[in-house]
Every structure is written in structure tokens, then in C-alpha cells.
Amino acid sequence: MAIKKSNKVSQPTVLKQILKRCSSLGKKHWYDEEGLPLDVPKGHFVVYVGENRRRYIVPISFLSHPEFQTLLQRAEEEFGFNHDMGLTIPCEEVVFQSLTSMLR
């Protein structure tokens, strides 16, 4: 019996890809010499939420929470991760704010 290899990328690999893409987002903000936004502290990343794509800076520690991972899965399904618009989370701002306040 042959073992079928999955085409899915491992979760740590996906998280690294997300962080890499998020580290240089926010076209309206100032950047350092490495192309990273100056207003995003180390250990954080940017997401865009809601109909108006409001920008939020969230700690990397959120990536370990199952609730936040569910949002990331929805984002991947709806928007994918291969675009220049930044990581967009498909939920209402009030829901996102409620969730992140519980994760802090």
C-alpha cells in the first residue's frame, strides 16, 4: 500500500509565508531601509479587515490561536495569499475587534 503525499503546505511554512508578505504592507506608510513599515513594531504584522479594509497591527502570537487561524484559512480561501494588497481578513471589523480583544 503506497502512502499518498499531500500537496498541502505545512502550517509553519504557511505562517512564515504570511509573515513575509505582511512585513512590507501598507503603501501609505513610511519604510525603513529593508522595506519594512516603520509603524509596525517587531513581533507584529498588518492585516486589513472589513468592507473598508481598515488596517490593524496585530502581534505574531495571534498566529498560534485556533480562532485566528480560522480567520487566516477563510482569508486564504476567499482571497489567497498571492497578491499585493496585503493580508485581508474576510470578516466584519466589530467581529475582528471582539476576537482580538479576547486573544490579548
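Throughout, residue positions are numbered sequentially from 1 according to the sequence presented. These numbers come from the heavy atoms of this one structure, side chains and all, not from hydrogens, waters or symmetry mates.
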Tightest non-hydrogen contact, residues Pro90 and Glu78, listed as CB-OE1, 3.3 Å
As an exercise, state the distance from OH of Tyr48 to CG of Leu87, rounded to the nearest 0.5 Å. 9.5 Å
Backbone of Val94 reached by a side-chain donor or acceptor of Ser98 within 3.5 Å: no
Same apolar cluster: Leu72 and Ile60, side chain cutoff 4.5 Å: yes
Here the gap from Arg53 atom CZ to Ile89 atom CD1, rounded to the nearest 0.5 Å, amounts to 10.5 Å
Quick one: OH on Tyr56 to CZ on Phe62, what's the gap to the nearest 0.5 Å? 12.0 Å
Rounded to the nearest 0.5 Å, what's the gap from CZ on Arg74 to CD on Glu76? Could you check? 13.5 Å
Residues pairing under salt bridge (Lys or Arg N to Asp or Glu O under 4.0 Å) where one sits in residues 41-50, two or more places apart or in two chains, turn out to be none
Tell me every residue that passes salt bridge (charged side-chain N to carboxylate O under 4.0 Å, His left out) with Arg54, counting only those two or more places apart in sequence or in another chain. Glu93
I would like to know whether Phe45 and Ile57 meet side-chain contact (heavy atoms from CB on, under 4.5 Å); could you show each step before the answer? CA-CA 6 Å; Phe45 64 102; Ile57 299 172; over 6 Å; no
Would you say the side chain of Asp39 lies within less than 4.5 Å of the side chain of Arg55, judging by non-hydrogen atoms? yes
Rounded at 0.5 Å granularity, tell me how far CG in Leu71 sits from OG1 in Thr88. 12.5 Å
Shared hydrophobic cluster, Val95 / Met102 (ILVMFWY, side-chain heavy atoms < 4.5 Å): no
To the nearest 0.5 Å, what is the distance between CD on Glu67 and CG on Leu99? 6.0 Å
Sequence neighbours left out, what passes side chain to side chain donor-acceptor pair (under 3.5 Å) with Glu92? Give chain and number order. none
